[in-house]
Amino acid sequence: MKKLHKETACIHAKDIDNEYLGVNTPIYADSAYKYRGAKETQYPRYFNTLNNKVISQKIAKLENAEAALVFSSGMAAISTSLLSFLKNGDHAIFSKDLYGGTYNFIVKEFPKAGIEYTFVEGESIDQFSNAIKDNSKLIYVESPSNPLLRLIDLKGISNLAEKHNLLTFIDNTFATPINQNPVNLGFDIVLHSGTKYMGGHSDLCFGAVACNQSLADTIYKSAINYGGSLNAQDLYLAERSLKTLAIRVNKQSSNAMEVAESLESHPAVRRVFYPGLSSHPQHELAKEQMSGFGGMLAFELNADDESDVDKFLDSLEMIEAAVSLGGVETTICSPMQTSHIKMPKEDCYASGINEFQLRLSVGIENPEDIIGDLKAALEKVRIAETV
Ligand SMILES: *Cc1c(COP(=O)(O)O)cnc(C)c1O
């Protein structure tokens with residue numbers, strides 16, 4: 001099939017129901033397959049059943065990669081992919097703003113495996129360059145990052161890595177393949193928590209990795225040992241969700257832009273963090289490496305009493321305070337009360353995170369309803385005395 005636009009690639013996949021001619025991929029729930037006369041023995045944990053293959057092809061296409069594998073969670077995709085390439089004595093470099101689960105995986109599991117790691121701030125390529133050692137194997141980044149939507153210069157990283165013969169990994173969950181294709185910027189391995197935008201309805205947990213065929217073969221060999229495959233029913237639902245990925249993410253991105261602009265001019269908001277705003281310090285970089293700015297934003301209440309954060313959250317009528325993100329419904333959370341609750345306060349402040357910040361996952365509702373709900377709740381915030 002010729003190269004399709006992304007909205008189209010979300011919907012069309014080959015290899016569908018050749019026998020009964022349904023237009024959807026049938027669910028092959030089988031855990032036992034006949035082997036005599038088969039080209040390849042199928043088994044769910046071998047990632048090679050029909051439901052596995054169809055969604056993998058779709059994700060690979062969307063990321064402009066040769067191959068993809070789908071896992072039972074984002075963390076299964078991340079841990080399996082990293083451990084496929086790292087062994088005792090190796091060193092890996094990570095940007096510091098990482099998803100909490102990834103951070104925990106590194107600090108808890110790497111020492112047991114004898115793998116060294118370095119976290120770098122990530123504002124400049126020099127910081128990554130300075131972290132490279134003789135035993136360095138890979139650089140791993142998240143861009144945009146959680147919760148303050150900081151960006152990493154992806155072309156800069158892939159150029160640096162190429163010079164030093166390092167593999168490059170990116171967690172592309174926030175941007176989605178609709179807004180950012182790291183393979184086009186020279187990245188080797190693209191990871192997703194499908195639980196977020198790919199699933200998109202807050203009812204599925206899965207993960208994915210996309211890369212070239214030879215890297216996928218290496219990951220595959222470890223993946224069958226670690227056993228993090230996804231079941232047929234959820235593979236089917238995940239594939240169904242992908243059909244609306246482009247339409248959802250485009251709407252979430254345009255809604256987020258409207259919400260960001262409206263919050264930025266509100267007296268009860270001190271600051272808005274959104275790569276689409278010209279006030280974002282990396283707005284130019286965002287325009288270079290992203291085709292859309294995504295549905296995630298953060299903002300800081302212009303208050304000086306912490307109780308105003310709870311008052312604001314309690315006053316929202318439509319938007320729920322919830323963990324996770326990427327669903328069709330707008331949700332909000334305080335990073336200090338959720339994702340960063342275990343991080344010492346001083347470390348949060350050092351990372352630019354504080355009690356007055358809220359992270360918004362913008363949904364596909366009518367933007368006027370989202371903005372209206374936020375504005376009504378902002379009325380309850382006692383604006384900080386300006387000095
Ligand atoms: C949620 C998330 C993960 C982990 O995904 P799970 O599906 O929960 O295992 C990894 N990275 C990012 C950026 C996430 O938001």
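Each ligand, and each atom within it, is numbered from 1 in the order the structure gives. Start at 1 with the first residue, then count along the sequence.
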(request) Run the ring-centre check on Phe299 versus His266 and record whether the distance is less than 6.0 Å. (result) no
(request) State the atoms of ligand 1, each with its element, that fall below the 4.0 Å cut-off from a heavy-atom position in Lys196. (result) 1 (C), 2 (C), 3 (C), 14 (C), 15 (O)
(request) Determine whether the side chain, the backbone, both or neither of Ile78 has a heavy atom under 4.0 Å from any heavy atom of ligand 1. (result) side chain
(request) Answer yes or no: does an N/O atom from Thr195 fall short of 3.5 Å to an N/O atom of ligand 1? (result) yes
(request) State, without any angle test, whether Glu329 and His201 hold a side-chain donor-acceptor pair at a distance under 3.5 Å. (result) no
(message) Checking ring-ring contact (aromatic ring centres under 6.0 Å, His included) between Tyr103 and each of Phe94, Tyr140, Phe119, Phe110, which is the one that passes?
(response) Phe119
(request) Within a distance under 4.0 Å of any heavy atom of Asp171, pick out the atoms of ligand 1 and give their elements. (result) 10 (C), 11 (N), 12 (C), 13 (C)
(request) Specify the protein heavy atom at minimum distance from atom 4 (C) of ligand 1: its residue, its atom name, and the distance to 0.1 Å. (result) Tyr99 CE2, 3.3 Å
(message) Considering non-hydrogen atoms of the protein only, which is the closest contact for atom 5 (O) of ligand 1, and what is the distance?
(response) Ser193 OG, 2.8 Å
(request) Please indicate whether any nitrogen or oxygen in Gly74 is less than 3.5 Å from any nitrogen or oxygen in ligand 1. (result) yes
(request) Verify whether one side chain among Lys243 and Asn24 offers a donor that lies under 3.5 Å from an acceptor in the other. (result) yes
(request) Provide the full list of side-chain hydrogen bond (donor to acceptor under 3.5 Å, both in side chains) pairs with a residue in residues 362-371, sequence neighbours left out, each pair given once. (result) Thr330-Glu365
(request) Could you list the atoms of ligand 1 found under 4.0 angstrom from a heavy atom of Met75? (result) 5 (O), 6 (P), 9 (O)
(request) Could you list all the salt bridge (Lys or Arg N to Asp or Glu O under 4.0 Å) pairs where at least one residue sits in residues 157-183, not counting sequence neighbours? (result) none
